2 protein chains.
Amino acid sequence: MPTSPGRTSSRASARVGLSAVIISVEGTTPLLLTVEASAAFPGEDAGFPGDDAGGGPGLACLPGAHLDDSLDGTLEQGVRRLVSTQTGLPVRYFEQLYTFGDRDRVPGERELAVAYLALVRYQAVQGPGCPRWQDFYQLFPWEDWRNGRPEVIDRAIIPAIEAWLAASAPDRLATRTERADLTFGLRHARWDPVRVLDRFELLYELRLADEAAARLAAGPARAAARVSPTPGSSGGSRRRGGPREAADGAWQPRARSTGLGVPLALDHRRIAAAALERLRGKLAYRPVVFEVLPESFTLSRLQQVVEAFAGQALHKQNFRRLVGAANLVEPTGEEDLRTGGRPAELYRFRREVLRERPAPGLGLRRLGGP
Amino acid sequence: MPTSPGRTSSRASARVGLSAVIISVEGTTPLLLTVEASAAFPGEDAGFPGDDAGGGPGLACLPGAHLDDSLDGTLEQGVRRLVSTQTGLPVRYFEQLYTFGDRDRVPGERELAVAYLALVRYQAVQGPGCPRWQDFYQLFPWEDWRNGRPEVIDRAIIPAIEAWLAASAPDRLATRTERADLTFGLRHARWDPVRVLDRFELLYELRLADEAAARLAAGPARAAARVSPTPGSSGGSRRRGGPREAADGAWQPRARSTGLGVPLALDHRRIAAAALERLRGKLAYRPVVFEVLPESFTLSRLQQVVEAFAGQALHKQNFRRLVGAANLVEPTGEEDLRTGGRPAELYRFRREVLRERPAPGLGLRRLGGP
DNA sequence: TGGGTATATGCTCACTTCGAGTATAAGTGC
DNA sequence: GCACTTATACTCGAAGTGAGCATATACCCA
């Protein structure tokens, strides 16, 4: 229903986009579903995601659509519609993630994106928009600590941080050092798997995320503005430590530095980072993992999947003790013989726990390693 | 900048409202800031919040405004603008809460609300919209357990739940019983202070929240639709237990049952419930309490405020051990002599903890009582 | 002046949880 | 049979949690 003119000023309305971060897992690989840029908003003019203004052609993006007032009674219904249209996947878990609304997140017009997190069991996809599963850690190579500290941190990130600190005005040095330490677990700080978004934003400012370089060419002020709002659970918290870096003429990026990880169109990689952060945070206190697993599974498989999302290896014996104590699963009585060793018991998720305990999750308090 | 017609279909745009849940504390009372309905969206036609369609005149509502494309580079800037215009309060913490977008949350047109949580230190307010501090627990009397189990639970809520269960079809009984037990900590389930929104939604369905009755008169389907999306951290999780109650002709509300708690206009009390839930959840792992406290405070005062938000009394000695162990505060060296007993040491918040530990909060794992 | 009361603060103790290691069970392939 | 792989069980010390007891220092009032 169009808003009646004279009652609604043109300023007061904006396009409302819906974005879906669809997550699954296959083997030990956490997966993100992307589509071709041209397909995300079918029927749009050219000039949207994938062309040169957005950072070169061929960038994938998140499945998205605009809210359709006649079809979508609720936002979630809208997202369900778009997921089923573009991918056909049955979604097992839905959660609103964050609403992105910076003025210039889409060049040329004001467009909000209400982003949703969706979990599905893995299956091959096809659809109008060439949907494709992507390894999450190809987008965020620094987030995968399962095989130890990712080499990209020492090779590229720490040097960039040091250069950034070296170029800092003295009054900013302390703040910046603190921020870098905390975000990447340097010095005395420990790596916190959950701070995915903080890390992405810092790398973005350091021009180590490729979108930054492209966007920067269009004008530094815009690039800086895009970074300012901070979604997710760590929301406004960090603002208290003093204002974050404003647009800062002093620091010049290395010309066209190699971007780290595979970029997505526009701010979609940022949205994906917010989703990974939310997912990791939830692992500890909500039984969300089970939504990407089949009906029955072995404990090793469960651990594999948790490790895939957490980006961290876990202590095997403690993991099963935790799962046992949490009463999250029950044995089906069957066995998986394909283990290559002793057969593993198969388990199923006990949905009843949802009513038994306030916050049923694998109580991974600090997502502790092995 | 107006969207150019012909490019944007009328369906794809909606009004974007911004809502602020401004929270503070005075004494032992947690506070929510409301304004007169007519002031929330100045310059609107009549027919918005406070008139009879919304549940009777005189209902207060949350401070709100529409996104102004020319003024608000980001959503957060927009909320800052509206808070400062309508209340003049200096906000110390900001966090995006949830985006509400059901078709009929505002009668007559599609309007999104992007809600923000804001924390301020208490001070008297005045402004164009008659801003007023409200006791949070007058809106949600069942949430305050500081002086034991609130009488309203046994007097009104449990009877209503029992009537609801008695009127249930047999195949729904189990699901409904589970839901009620879990939500209100009946039987074997424990009361979980965080599940504020679950409780509000159940009471809403039971017609114990006043907005429901008013809205119901306009048409049951609409009322049911408004309940469907579930914001906050417990987002989609509960959907897994099977679909929630759909619009259900079988259960008839008692005619005009006494509403529990003070209602707000439209769905604003729901938004406030989401905010309280978020705040309670955050207490444990982010040092947000300090944003409503003055620079220096006694440990008892700190505990008082935590208890006010948590709605639960805490064990004093353990609380101070927790605070001490968390290294969240440091003594100022001064004392508060107005205690009426032994003078209390004054402390200040150590902002450095934000960089030392991943999730610095009062580690109230289960918000454990005394 | 001294006791009663209120508040603040320090400490103990049993119990649970957590991290890490060691040991055993039960399959496969040769 | 053996070597190898994976699954599962159990142990033990360190740290954290919940509850209570004890002490310190103010005020009030007889």
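Numbers restart at 1 for each chain; the letters A, B, ... are given by sequence-line order, proteins then strands. Only this structure's heavy atoms are used, side chains among them; waters, hydrogens and symmetry mates stay out. Since this is a predicted model, take the numbers as computed values, not measurements.
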Asks: Have a look at the helix from dT1(C)-dA30(D) to dC30(C)-dG1(D) and give the angle its two end axes make, five pairs each, rounded to 10 degrees.
Replies: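 Rounded value for the end-axis angle: 10°.
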Asks: Please state how far atom OH in Y347(A) lies from atom C1' in dT8(D), giving the value in whole angstrom units.
Replies: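 Result: 8 Å.
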Asks: If you pin S300(A) and R321(B) to their nearest nucleotides in DNA chain D, which one's is more 5'?
Replies: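 Nearest-nucleotide comparison on DNA chain D picks S300(A).
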Asks: Which residue lies toward the 5' end of DNA chain C, N318(B) or T298(B), if each is placed at its nearest nucleotide?
Replies: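 Comparing both residues, the 5'-ward one is T298(B).
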Asks: Just call it for Q317(A): base, sugar-phosphate, or nothing, with non-hydrogen atoms closer than 4.0 Å on any strand.
Replies: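 Base contact.
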Asks: Quick one: side chain to side chain contact (heavy atoms under 4.5 Å, CB included) partners of R187(A), sequence neighbours excluded?
Replies: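 With sequence neighbours excluded, R187(A) shows a side chain to side chain contact (heavy atoms under 4.5 Å, CB included) to T177(A), D181(A), given in chain and number order.
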Asks: Holding to side chain to side chain contact (heavy atoms under 4.5 Å, CB included), I want the full list of residues that pass it with R149(A), two or more places apart in sequence or in another chain.
Replies: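 With neighbours one apart ignored, the set is W145(A), I153(A), D154(A), I158(A), L186(A).
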Asks: Are R286(B) and Y93(B) close enough, and set up right, to give a side chain to side chain contact (heavy atoms under 4.5 Å, CB included), and what steps lead you there?
Replies: CA-CA 12 Å; R286(B) 292 277 161 179; Y93(B) 178 85; 5.8 Å; no
Asks: Does K316(A) make a side-chain N or O approach to OP1 or OP2 of dT8(D) shorter than 4.0 Å?
Replies: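 The answer is no; no side-chain N or O of K316(A) sits under 4.0 Å from OP1 or OP2.
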Asks: Partners of E151(B) by salt bridge (charged side-chain N to carboxylate O under 4.0 Å, His left out), sequence neighbours excluded?
Replies: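 Residues passing salt bridge (charged side-chain N to carboxylate O under 4.0 Å, His left out) with E151(B): R155(B).
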Asks: Take atom CZ of F297(A) and atom P of dT6(D), then tell me their distance rounded to the nearest Å.
Replies: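 Distance check: F297(A) CZ to dT6(D) P gives 20 Å.
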Asks: Please lay out, stage by stage, how R280(A) and E143(A) fare under the test salt bridge (charged side-chain N to carboxylate O under 4.0 Å, His left out).
Replies: CA-CA 11 Å; R280(A) 285 184 172 178; E143(A) 294 291 347; 2.9 Å; yes
Asks: Output the rounded distance in Å from CZ (F319(B)) to P (dT7(C)).
Replies: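 After rounding, the gap between these two atoms is 17 Å.
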Asks: So which nucleotide from dG21(C), dA22(D), dA7(D) ends up closest to the side chain of A344(A)?
Replies: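 Minimum distance to the A344(A) side chain belongs to dA7(D).
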Asks: Which atoms of nucleotides 25-29 of chain D (N or O only) lie under 3.5 Å from a protein N or O atom, and what are those distances?
Replies:
unit_1  : atom_1 : unit_2  : atom_2 : d
dT25(D) : O2     : R342(B) : N      : 3.3

Asks: Could you list the residues that satisfy side chain to side chain contact (heavy atoms under 4.5 Å, CB included) with Q304(A), not counting sequence neighbours?
Replies: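 Per chain and number, Q304(A) pairs via side chain to side chain contact (heavy atoms under 4.5 Å, CB included) with T28(A), R301(A).
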Asks: Ignoring the backbone of R320(B), work out which of dA19(D), dT9(C), dA23(C) is nearest its side chain.
Replies: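 Minimum distance to the R320(B) side chain belongs to dT9(C).
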Asks: For R348(A), give me all partners under salt bridge (charged side-chain N to carboxylate O under 4.0 Å, His left out), at least two apart in sequence or on another chain.
Replies: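 Expected list: E330(A).
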Asks: Who are the salt bridge (charged side-chain N to carboxylate O under 4.0 Å, His left out) partners of D336(A), not counting sequence neighbours?
Replies: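 Partners of D336(A) by the salt bridge (charged side-chain N to carboxylate O under 4.0 Å, His left out) criterion, ordered by chain and then number, come out as R338(A).
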Asks: Check ring-ring contact (aromatic ring centres under 6.0 Å, His included) between F297(A) and all other residues, then give those that pass, not counting sequence neighbours.
Replies: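 F290(A).
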